[in-house]
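One structure is given here, and the rest of the page talks about it.
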Amino acid sequence: MPSDEEYAQLQKLSDDYQPEATGPLVGERQSSSAITTEYANADLVYRIKTAALPQKYAYFRTCRGDGHCGWRAIAFTYFEALLRAGDVNKFDEELCRLQSMGNLLVVAGFQEDLIEDFRDEALDLLRRLAASERSMDGTSADLLLQTFNDYGASMSIITYFKLLASAWIQSNPDDFVGFLLDCPDIKTYCQQNIEAAGCEIENVSMAALAEVLVKPAGFGLEVLYLDRSPGSEINNTFCIEPTNQDGVPVQNAPILRLLYRPGHYDILYRADDFPSPVPQPPLQVALAGYTDEFVPMSSNLSEVMTMIPGMFPTGLGQRWPSVSYYDSPDPAPQPQIASVPTYVPAPTPAAPVVASHHDFVHSIHPNHVDHHQPPSLHNIQLEPPVTLPIHHAPPPAPPISIERTPSMSIERGGPFRPSMYELEPGFGSGQVHPSPFQTSIFRNSHYNTAHFMNPEFQPEEWSPDSEYATGNRGRHKSTSS
Amino acid sequence: MSTGAKKRIMKEYAECAADTPAGMKIIFDEQNMTKWEVLLDGPDQSIYAGGHFKLEITFPNEYPFKPPVVSFKTKIYHPNVSNDDKGSMCLGLLRPDEWKPPNKVVSVLRLIQTLLIEPDIDDSIEPSIANEYKENRKEFDKNAKDWVKRYAK
């Protein structure tokens, strides 16, 4: 017969026994079908409920069951929700808000020097996440997971949140006093059930934490209870709706979602909590709306120019570095042609050249709605790529006369005799060249010839004559040249 | 041990060194800061007066999220100190389920002093000594003083 002393010893051993909790403090996000598998041999109710789980909640994340999993799950999802909210400024807001709650803790009787280590860990994580988001280095999610898998860091953050919850209850006793079962007073309750290192979250502290941390951040909190209650899916939830400062419900706000199984909390996600990244549209798409911002010449230009014999777009030469930007149906002679306009000596322009330049200016015309070469719109209005200034560097190639086959000029049509100087058919009508440098940065840089700081900047000219050229461009130009 | 825990221990030591409770001396080794040696004089108003007790305070790796461990290296006849080679003291705020991370070592040291003056009989680790304290206080006092003479001089 064991003595009282031995009984006491055994009782103590049994009280002190704690199964060794394993696994990461916070795990990687994984498919929630793993939960279904876990319950494959369990009670029918569990089987049914867990089978329905992945349809609604596609992912989950484990938290180590070391007695802090509920606190840890809320703390982790709070930071994660800040990341998910996709607004870097939200980090600063939360930083300020948490810092401003120092008084709440002091009023509850916590000494500043005792809580600062815990608080600093939480604030530091906010700062680091904000910095990572700002620099868009894509490491913020890893940083969060790493921090929460660091025992000291995650426990500090959890302790800070516990103290916040405790302070909140103590400063709003009326909201909670009715729920404290057989506890003499609020202070004792908080000390024994919240502040003590080993105590798991329960409903009162969870409600307090939601009030002090989750709701003011504009997030919601949802806890799904997976238990044996009858039903075809998880039907027991604790839910706090996301609201704004005025208490008005907010749609689409991040929800911190926990899965509760008796004695343990994990983190749960809906599939749409993590939208798949939208593929970046190709850059030239961004040029589409550019027409109205910068129109030094109309899209009709190329059309008109090809109809004028001996036409060199001298004025444009600097703007059209090379025809080779455009895919041509007849690529072979193109590069040669391209060099022609470029190297016409500027000081001694031939008369037709001047005229053509003039015409070019005249041809400014707002109605490109009716033009029949949609791709050329982009061609003409493309600003030269960044390589443009280098354009002067290559040794000047002499103008090259092009052997034209008669068939080509016939194809081209138009009322004029073919000329060796005219532009290739299809000039300027090629596809938009996917120029990788057409960024807004380049658009605003002085390397852009359309920028007034560029030495080659050619201001737009207005000539009253052009007003008359609209209806009848082709003929008008032919007479002037 | 994490840097946070080290920082915390350093901070607490600085505080203890600046304001050591009366009748106490803390020996701190920076190379092994998780083990503090405390030399404690038996409080004057207690039966342990005149004794000098050596204590060891060990900080777990999880400190301050788990409580420090207190053990008497000097044998002491006390209901709250285990009568074995560990001489462990584990009650009140030192219990893992009652320990709060914002607690400080200094409050642990004060608790020890208070317990020497007045043992906590309801939370004893040595039921036979606690019994004696309750029912035969004279015998308890005699034994305690005897042990002080034998081990703590």
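Heavy-atom basis, side chains included; hydrogens, waters and symmetry copies ignored. Here is how names work: the chains are called A, B, and so on, in the same order as the sequence lines, proteins then strands, and each is numbered from 1.
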Would you mind checking which part of Leu163(A) comes under 4.5 Å of any heavy atom in chain B, side chain (CB onward), backbone (N, CA, C, O), both or neither? side chain
Region of Glu200(A) in contact with chain B, defined by heavy-atom distances below 4.5 Å: neither
Using heavy-atom distances under 4.5 Å, tell me whether Pro64(B) contacts chain A through its side chain, its backbone, both, or neither. side chain
For atom [atom1] of [X], is the number of surrounding heavy atoms from other residues, nucleotides or ligands below 6.0 Å larger than 12?
X         : atom1 : value
Asp92(A)  : CG    : yes
Lys187(A) : NZ    : yes
Lys138(B) : NZ    : no
Glu30(B)  : CD    : no

Any residue of residues 98-127 of chain B which, by heavy atoms, sits under 4.5 Å from chain A: Glu98(B), Trp99(B), Lys100(B), Pro101(B), Pro102(B), Lys104(B), Glu126(B), Pro127(B)
Taking only heavy atoms into account, what residues of residues 9-25 of chain B are found under 4.5 Å from chain A? Lys11(B), Glu15(B)
Among Ala153(A), Ser156(A), Cys199(A), single out the residue with the greatest number of heavy-atom pairs under 4.5 Å to chain B. Ser156(A)
Count the heavy-atom pairs under 4.5 Å between each of Gln192(A), Gln191(A), His68(A) and chain B, then report the option with the highest count. Gln191(A)
Using a heavy-atom distance cut-off of less than 4.5 Å, which residues of residues 123-130 of chain A contact chain B? none
Quick one: which residues of residues 103-113 of chain A reach chain B at under 4.5 angstrom, heavy atoms only? Gln111(A), Asp113(A)
Over 60° means perpendicular and under 30° means parallel, so classify the ring planes of Phe65(B) and Phe118(A), tilted if in between. tilted
